[in-house]
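Before any comments, here is the structure.
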Amino acid sequence: MTQRRILVTAALPYANGHVHLGHLVEYLQTDIWVRFQKLRGHRCIYICADDTHGTAIMIRARQEGRSEDELIAEMQAAHERDFAGFDIEFDNYGSTNSPENRELCGEIWESIRQAGLVKEKDVEQLFDPVEGTFLADRFVRGTCPKCESTDQPGDNCSKCGHHYSPAELIDPISTLSGATPEVRSENHLFIELEQLHEFLNDWAIGDDHLQTEVANYLKGHFLHEPLRDWDISRPGPYFGFEIPDSPGNYWYVWFDAPIGYIASTKQWCEKHNEKLDDWWRSPDTEIHHFIGKDITYFHTLFWPGMLKTAGFNLPEKVHIHGFLTVGGEKMSKSQGTFVMASTYLKHLDPAHLRYYYASKLGSRLDDLDLNLDEFKAKIDSDLVGKAVNIASRSAKFVQDGNLSDVYPDDGGLFQQAADAGETVAKHYENCDYAAAMREVMMLCDRANKYVEDREPWKLRKDPAKQDELRDICTVALNLFRQVAIYLAPVLPGLAKQTAELLNDPIGPGDWEKSQTPLVGTSVNKFQHMMKRVEEKQVQAMIEESKETQADEAAGGDNQYNDGPEALEKEPLTEEECTYDDFVKVDMRVARVIEAGHVEGADKLLGLKLSLGGDVTRNVFAGIKGVYEPEDLLGQLVICCANLAPRKMRFGVSEGMVLASGPGGKDIYVLRPDSGAQPGMRVH
RNA sequence: GGGGCCGUAGCUCAAUCGGUUAGAGCAGCAAACUCAUAAUUUGUUGGUUGUAGGUUCGAGUCCUACCGGCCCUACCA
């Protein structure tokens with residue numbers, strides 16, 4: 001087999017948050033792939049770094065009253081600690097805030113300039129005069145220019161859905177200082193990506209660099225029309241690198257972040273006396289990026305465009321994975337399923353998560369579900385019951401002795417498993433770890449059956465059969481060793497324990513050892529290799545994840561510990577409303593007397609409300625999928641009775657049913673206490 | 001409204017170019033065993049492949065419509 005040279009990256013974690021179980025899908029998927037390549041004897045390096053620039057970091061540092069450098073150093077240390085805790089082994093872990101990155105950004109920028117891809121345009125942006133900073137969209141709130149709803153976010157209206165730029169808001173307010181921002185026009189630098197359209201089209205769709213779903217997505221959303229100019233500068237102050245030939249402007253974080261891959265490689269090269277060009281400008285090197293589907297287009301359009309223009313290697317593959325759900329739902333802080341890496345490590349074994357993710361990961365970008373019952377079942381059954389059990393039930397009969405000098409007749413079992421190695425390897429190579437794990441478990445089943453059939457526990461009692469006993473153990477332990485080698489990318493700890501038990505290391509290039517049985521060597525005393533998952537520990541982890549949340553709600557010194565999320569999402573309106581304003585809104589108790597689905601509407605239910613007597617209102621409510629019509633029929637609700645009728649696609653809505661919640665499935669219809677009668681006014 | 005992905009056993013997933021009787025694991029049920037961390041082994045139940053059509057000698061796979069889920073995008077609230 002020819003030795004490949006492979007450079008692998010995982011997306012750079014942002015310095016604004018801690019690593020959680022969702023992030024780990026990616027870093028583990030990548031770590032397994034890298035360990036596999038190394039085990040196969042290829043030259044492979046795993047490169048990563050912290051992504052440190054941008055407005056969010058600047059603001060947070062300011063709020064915490066310290067420098068950005070201090071903040072990002074602390075976060076980087078935490079990230080590295082978490083990764084190490086999960087046996088994620090980077091060859092280099094750098095930072096986008098490094099001299100190497102600054103230099104490379106300059107170099108790449110220069111190439112882009114020379115290629116004539118840069119153009120300048122004025123952009124209107126809001127500026128906070130108190131903080132002295134330009135405001136990203138999410139730091140501005142104001143009144144929607146279209147529907148005039150107050151206190152709306154800076155990019156689109158939560159009421160009418162209208163998209164706008166923050167400069168269009170009526171009465172905008174900076175969420176940083178509460179000041180009224182000024183509109184300032186600034187010169188921004190853009191990359192004209194359209195000039196690379198043909199190249200990107202060929203790269204993204206032509207060759208096998210992307211999963212087919214991703215190629216379709218790019219084709220349907222971006223490549224079918226002219227590519228928009230990419231705004232890659234931000235006026236200062238901005239935590240990042242100043243653009244050398246455009247003083248006062250800084251590279252947008254998404255410009256310098258991917259360059260961090262190269263910069264981190266450069267650090268590694270300097271430490272190991274290697275040439276950067278051998279890794280980034282050589283036809284002999286394959287570059288593989290692992291990313292989540294949320295950052296697809298940065299890595300499949302902008303990034304290849306930058307690389308191409310600056311003469312670097314293009315990615316051989318961009319491997320894109322889906323999101324993590326827990327128990328079939330988005331990770332939730334309130335339910336304790338938003339689990340930090342560090343919290344997991346306090347309660348559970350990292351090897352367990354490595355195996356569980358491996359057993360679920362395929363090559364496509366489907367979301368991956370962490371089901372905690374299944375988690376326990378898989379670990380207990382696959383790892384403890386099947387894999388480790390092979391060693392556990394055979395090693396004790398030969399410990400402190402030797403394996404047989406000649407490998408005994410095993411009916412072809414070892415050879416079968418050796419042959420299966422190529423299948424396993426193919427699955428690893430294709431990122432289809434689930435298939436690889438299935439294949440290995442099948443080998444475990446065969447090995448267990450072998451032990452079962454030979455009944456070594458009976459031979460043990462017969463002094464005349466000790467040689468036979470040793471032969472059986474020699475076979476069983478060799479079958480186990482094969483399994484440990486095949487699982488080594490996923491379970492480096494188990495490989496190490498196996499190596500210690502059998503006095504033969506399993507390291508880089510040692511995949512081949514699965515092809516030849518070990519004979520004559522001594523066997524050490526068997527020690528427990530892996531524990532089962534304890535239900536209690538899982539529960540403790542979930543509980544602690546909830547507690548952390550309550551802690552963060554601090555200030556919540558009442559007994560209920562309600563979290564601050566709702567207010568953070570929709571801060572209190574600052575403008576006061578007079579009593580006169582209040583009484584303008586005529587809210588009434590109403591009974592739902594008809595309720596049904598609206599044909600063709602995705603979110604609407606049609607309700608007929610009775611205000612008592614024969615006064616009724618037909619209203620549409622955007623609560624389909626949350627409430628069934630029969631849930632509401634006959635119920636009392638609160639409605640706004642004097643809301644101006646609104647013509648909608650499906651008819652006229654003559655009012656509004658009051659409900660709360662951020663939307664989606666989180667919508668709660670307000671209901672009056674018992675005793676209220678339809679028609680009563682809400683005061 | 002436009003687009004994409006998906007729907008296979010109770011659960012998680014396979015099924016090569018369209019090719020024989022749709023397969024595994026887990027769970028369930030029954031039995032064997034006692035070396036092993038209550039592990040293991042054997043046997044076994046379980047399916048109108050979301051629905052309805054179509055193409056084909058042959059459809060889980062290809063086409064059309066519909067139902068349901070997720071995502072992107074636009075619009076309307």
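Throughout, a chain's letter reflects where its sequence line sits, starting with A, and its residues are numbered from 1.
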Look at the side chain of [X] and decide which nucleotide, out of [options], has an atom nearest to it.
X: A:Ser392; options: B:U42, B:U37, B:C35; value: B:U37
X: A:Val388; options: B:U42, B:U34, B:U37; value: B:U37
X: A:Arg460; options: B:C26, B:A14, B:C35; value: B:C35
X: A:Trp457; options: B:U41, B:C13, B:C33; value: B:C33
X: A:Ala377; options: B:U41, B:U34, B:C26; value: B:C26

Can you tell me the distance, in whole Å, between the [atom1] atom of [X] and the [atom2] atom of [N]?
X: A:Asp445; N: B:U41; atom1: CG; atom2: P; result: 5 Å
X: A:Phe526; N: B:U37; atom1: CZ; atom2: C1'; result: 9 Å
X: A:Tyr355; N: B:G25; atom1: OH; atom2: C1'; result: 9 Å
X: A:Asn389; N: B:U40; atom1: CG; atom2: C1'; result: 6 Å
X: A:Leu223; N: B:G4; atom1: CG; atom2: C1'; result: 14 Å
X: A:Asp462; N: B:C35; atom1: CG; atom2: P; result: 16 Å
X: A:Leu459; N: B:C35; atom1: CG; atom2: P; result: 13 Å
X: A:His427; N: B:A15; atom1: NE2; atom2: P; result: 9 Å

Using only atom types and a distance under 3.5 Å, with no angle test, would you say the side chain of [X] pairs donor to acceptor with the backbone of [Y]?
X: A:Asn448; Y: A:Asn389; answer: no
X: A:Asp87; Y: A:Leu491; answer: no
X: A:Tyr344; Y: A:Asp349; answer: yes

- SB check A:Arg454 A:Glu468 (cutoff 4.0 Å): no
- Query: In terms of base orientation, is B:C72 syn or anti, with the syn window spanning 90° either side of 0?
  - Reply: anti
So what does [X] hit on the nucleic acid, given a heavy-atom distance under 4.0 Å: a base, only sugar-phosphate, or nothing?
X: A:Lys360; answer: sugar-phosphate
X: A:Arg532; answer: base
X: A:Met442; answer: nothing
X: A:Met441; answer: nothing

- What orientation do A:Trp230 and A:Phe298 show, parallel under 30°, tilted 30 to 60°, or perpendicular over 60°? tilted
Measuring only the [atom1] atom in each nucleotide, how far is [N] from [M]? A whole number of Å is fine.
N: B:U51; M: B:C6; atom1: C1'; result: 16 Å
N: B:G23; M: B:A9; atom1: C1'; result: 11 Å
N: B:U8; M: B:A15; atom1: C1'; result: 10 Å
N: B:U48; M: B:G60; atom1: P; result: 13 Å
N: B:A14; M: B:C33; atom1: C1'; result: 32 Å
N: B:C67; M: B:U49; atom1: C1'; result: 16 Å
N: B:G18; M: B:C75; atom1: P; result: 40 Å
N: B:A31; M: B:U37; atom1: C1'; result: 24 Å

- Query: Could you go step by step and tell me if A:Asn503 and A:Ser522 meet the side chain to side chain donor-acceptor pair (under 3.5 Å) rule?
  - Reply: CA-CA 7 Å; A:Asn503 288 306; A:Ser522 64; 2.9 Å; yes
- Query: Above 12 or not: heavy atoms from other molecules or residues under 6.0 Å from NZ of A:Lys376?
  - Reply: yes
- Do A:Val475 and A:Phe414 have side-chain heavy atoms sitting under 4.5 Å apart? no
- RNA chain B nearest-nucleotide lookup for A:Arg446 and A:Lys293: closer to the 5′ end is A:Arg446
- Item | 5′-ward residue of the pair A:Glu452/A:His528 relative to RNA chain B | A:His528
- Query: With Watson-Crick and G-U wobble geometry limited to distances under 3.5 Å, how should the secondary structure of RNA chain B be encoded in dot-bracket form, using | for bases paired to another strand and [ ] for crossing pairs?
  - Reply: (((((((..((((.....[...)))).(((((.......))))).....(((((..]....))))))))))))....
- Message: So, OP1 or OP2 of B:U37: does either fall under 4.0 Å of a side-chain N or O from A:Lys396?
- Response: yes
- Are A:Lys386 and B:C26 close enough that a side-chain N or O sits under 4.0 Å from OP1 or OP2? yes
- Message: Under 6.0 Å between ring centres: does that hold for A:His20 and A:Phe338?
- Response: yes
